[in-house]
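Okay, so here's the structure we're looking at.
Lettering of chains follows the sequences in order, A, B, ..., and the numbering in each one begins at 1. We use all heavy atoms of the structure for the numbers below, so side chains are in, but hydrogens, waters and symmetry mates are not.
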Amino acid sequence: MTALLELKNLKTYFKRKKIEIPAVDGVDLVINKGETVALVGESGSGKSITSLSIMRLIPSPPGRIVDGQINFNGQDLAKLTEDELCKIRGNDISMIFQEPMTSLNPVLTVGEQITEVLTYHQGMSKTMAKKKAIEMLELVGFSRAKEIVDDYPHRLSGGMRQRVMIAMAMSCNPKLLIADEPTTALDVTIQAQILDLMKDLSKKFETSILIITHDLGVVSEIADRVVVMYAGQVVEEALVEDLFENPLHPYTEGLMGSVPSIEEDLDRLKSIEGNVPAPENLPAGCRFAPRCPHKFDRCTAEMPQLLKINETRAARCFLYDSKEVPQ
Amino acid sequence: MLSYIIRRTLMAIPLLLGITVVSFAIMKFAPGDPTSLMMDPTISQADKAKFMERYGLNDPVYIQYFKWLGAMLQGDFGTSLIRKGVPVMEMIMNRMPNTILLMVVSTMLAVVISIPFGVISATKAYSKLDYSVTITSFLGVATPNFFLGLILIMVFAVQLNWFPTGGVSTLNEPFSIWDRIHHLFLPAFVLAAADMAGLTRYTRSSMMEVIKQDYIRTARAKGFKEQKVIYKHGLRNGLIPVITIFGLMIPSFIGGAVIVEKIFTWPGIGLLFVDSAFQRDYPVIMGLTVISAVFVVIGNLVADILYAIFDPRIEY
C-alpha cells in the first residue's frame, strides 16, 4: 500500500501567556490510499489540532506548527505558502466538522455553498456547478435535491446539514476527507446513516478518510485502522480488529473498559481515574503514568517511545519493552 | 416579500398619525402666538380678533387639528404666516433637493468609509491600524458636529481657503458639478462624521463576532483566500446587525442636518426649520415636522426591508 498522507514528528504548539504549550507533541501518522483511519482520544488529547494542522488551519497566532513534516501526495504541506495551500484545501483534502448546525453559512443557499467550491477549484461554469451540486445532494441521499439546492441551511435538520457538508466536501472528489467528530452532535440513528454514507462514498470515490472521534462505536463501524492519542502523543496504533480484541496500552484498555457492555449488569460505569493532564503541566516520564494501574518506577522517570510490536501495531508503553517487563 | 413590504408600510400609518397629533400639540402649547409676531403691536383688539377669526385660531383645538390634517393629506400644508401667501409645500419643495443631496452624499460617505474600516479593524484586531481606527472613531463620536463644523470652517475654509465657508454654489457663476461638490464636501463630511464613527465601531464588533464562527472555518477549509472568506462569507453576516443600527441612525441624520445646514448656511429644510422656529411660523414648522417624520419612518422601513433581504432566516 502507498501512503497518501504521512505525518512525521508533527509538533503544534500554542502560545498562552508567553508559554508555549505542546498541544500536538511529535505525532507520526500514516494514512494509505483508500484507507479509513480513526484518530481516537479524550477531549484535549490533541486529535482535533492534529487534523487542523494537516489542513494548516491552526489559528495563528496563538498556534504554530513548530516542527515536523506533513507529506501529502509528494508535497510537504508544512512548507507550502498560503496560496499553494488554497489550491489543496477543499480540493484534494476536504474537511467536515462536528457542528453541522453552525458549520454552514446561514445567509447562503445550500446550492451556493456547494457550487462555489466547484467554480473555484474546478473552474466549472455556474450552471454546470449547479447541476453537479444537485447530483451530489442526490448522492448523499436527498430525494428532493432540486428543492434543497435553493434552500437556506436553517430549514434543514442537523443530519441533513451534515449530509450537505459531506456533499460539499466530496464535490471536488478529494483524495483525503478529514471528519472531525462528524456524528457527535447527531442522534444515534442519524449517526449510523452518516457513517454508512461516508463508507459508501469513500469506496466510490477511492477517498481516504481520517475520522476523529472519541466514540469507540464509531471506530468499530467505519475504521480500518486506529490511532489512539493521549496528551498530544500517539500511544497506540493497531488494526481495528486487533485493537478491540486485545488493547495493548493501559490507556486504550481503560477506554475499552469504560464502554458499557450489553451483557454485563453494572451498577456503576467504569472510568479511568483522574483527568487528562493540562498540556502546560505535563508529568515527567510517561504522560499516562499518574492514571495508570500498571505503572512502575521507570514510568515516572523516563518517557517511553512508540514501540513497534509488529507490522501494524505499536504502543507507547514500557510493558512491551523487552528489556524490562515487571511481574 | 411584497406582502411583507405592504404590511410594514400599513403599520407605519398609525405611527405617522400619532406623530401629527404630538407635533400639533407641542406647537399649540409653545409660548407665543403668531399674532404677536405678524401684527403691528399697536393693533386694535377688534382687528386682532378679526385676524384670529380669519386664520381659524379661535376654533377648538381638535377642529384646528382635523382641518390641518385633512388639508395636509391633500398635500396642502397651508401658507406661511411670515412670508404671506407662499404655500408651505412650495417652500419645502424648493429646499428639499438640497437636503436630499446632502443626506444621500453623507450617508454614502459614511457607509463607504466606515464599513471597510470596520472590517479591517476587526480582521487586524489589536494591531496599530486597529488602534488608530478606534481612536479616530471615538474622537468622531465624542465631537459634536457643530463644533467639528466650526473647526473645519476655520481651518479649511478661512485659513487654508480650500473650501467655501457655506452655501450651495458660488454666486453669479453658472452651475457646475465641480462647484457643487466643492460646496458639498465640508457639510457632508461633518454630517457623516458622527455616524461614520459609530458605524465603524459596530461593523468592527459585529465582524469580530462573525470571524469566530464555524462557517468561517468551513469557508477556509474550502480553500478560499482570506479576502473571499471575509468579504463573501463574513461580511454578509456581519452587516445584519449593522443594518439595524443604520436604521436607528436615520433620525440623527435629520437632526444633524438641521445643525449642519445652519452652520454651513446650506439652504435645505434644516435651515428652513431653524428659521421658521425662530419666527414661530407654525404651518412651516408643522409641515417640516411631518415631512421629517415621514423620512424617519421610510428610513426604518428601508432598514427592515434590507434586513429581510440580508438575513434569510427572517420569515415574513
Side-chain angles (χ1 to χ4, degrees), chain A residues 48 51-52 54-59 61 81-110 112-122 150-155 161 164-165 168-169 171-172 174 177-180 185, chain B residues 1 4 115 119 121-131 203 206-244 246 303-316:
Chain A
S48 288
S51 66
L52 286 174
I54 298 170
M55 292 291 270
R56 289 274 310 273
L57 281 176
I58 296 291
T81 64
E82 189 60 28
D83 279 0
E84 290 168 315
L85 285 164
C86 281
K87 292 197 185 95
I88 290 172
R89 289 185 198 132
N91 194 21
D92 292 325
I93 307 179
S94 56
M95 190 156 182
I96 57 178
F97 299 96
Q98 182 175 353
E99 305 84 6
M101 301 309 280
T102 52
S103 291
L104 290 168
N105 192 329
V107 301
L108 300 175
T109 62
V110 163
E112 281 172 89
Q113 296 188 56
I114 301 177
T115 51
E116 64 176 358
V117 192
L118 292 162
T119 50
Y120 179 77
H121 285 299
Q122 316 262 308
D150 291 321
D151 255 340
Y152 287 96
H154 70 276
R155 292 172 167 270
R161 290 190 208 182
V164 170
M165 283 297 287
M168 209 159 79
S171 58
C172 288
L177 174 68
I178 301 175
D180 188 354
Chain B
M1 186 60 127
Y4 170 76
I115 288 176
V119 174
S121 205
T123 51
K124 305 227 183 310
Y126 311 112
S127 65
K128 282 200 181 101
L129 185 70
D130 177 30
Y131 284 125
T203 309
S206 168
M207 280 306 284
M208 285 192 65
E209 203 47 54
V210 163
I211 52 185
K212 278 188 260 165
Q213 298 297 313
D214 290 336
Y215 52 79
I216 295 298
R217 185 182 57 187
T218 306
R220 293 205 175 104
K222 284 172 165 182
F224 297 148
K225 304 241 160 76
E226 198 56 21
Q227 205 74 2
K228 184 167 178 178
V229 171
I230 297 298
Y231 285 95
K232 180 166 180 192
H233 286 263
L235 192 57
R236 272 201 63 181
N237 285 286
L239 280 184
I240 292 168
V242 177
I243 290 169
T244 313
F246 185 68
D304 271 1
I305 292 167
L306 279 177
Y307 204 71
I309 291 171
F310 268 78
D311 191 349
R313 284 163 297 189
I314 294 190
E315 305 281 336
Y316 31 81

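In this pair, A:Y120 and B:F224 present their aromatic rings perpendicular. The plane angle is above 60°, beyond the 30 to 60° band.
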* To do: In sequence, state the C-alpha distance, the side-chain angles, and the governing distance for A:N105 and B:N237, and then conclude on side chain to side chain contact (heavy atoms under 4.5 Å, CB included).
  => CA-CA 8 Å; A:N105 192 329; B:N237 285 286; 2.8 Å; yes
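Not one N or O on the side chain of A:T102 forms a donor-acceptor pair closer than 3.5 Å with the backbone of B:D214. Formation of a donor-acceptor pair under 3.5 Å by the B:K222 side chain with backbone atoms of A:M168 is not found in this model.
Residue pairs satisfying the salt bridge (charged side-chain N to carboxylate O under 4.0 Å, His left out) criterion with at least one member in residues 91-107 of chain A, sequence neighbours excluded, are listed as follows: A:D92-A:K175, A:E99-B:R217.
Using a 4.5 Å cut-off between heavy atoms, A:M101 makes no contact with chain B at all. Neither the backbone nor the side chain of A:R56 comes within less than 4.5 Å of any heavy atom of chain B. Heavy atoms closer than 4.5 Å to chain B are found nowhere in A:E82, neither backbone nor side chain. Contact annotation for A:L108: only side-chain heavy atoms (C-beta onward) come within less than 4.5 Å of a heavy atom of chain B. Residue contact with chain A, scored on non-hydrogen atoms closer than 4.5 Å, involves the side chain of B:I240 exclusively.
Chain A forms the most heavy-atom pairs under 4.5 Å with one residue out of B:R220, B:E226, B:K228, and that residue is B:R220. Ranked by heavy-atom pairs shorter than 4.5 Å toward chain A, the options B:R236, B:H233, B:K232, B:Q213 are led by B:H233.
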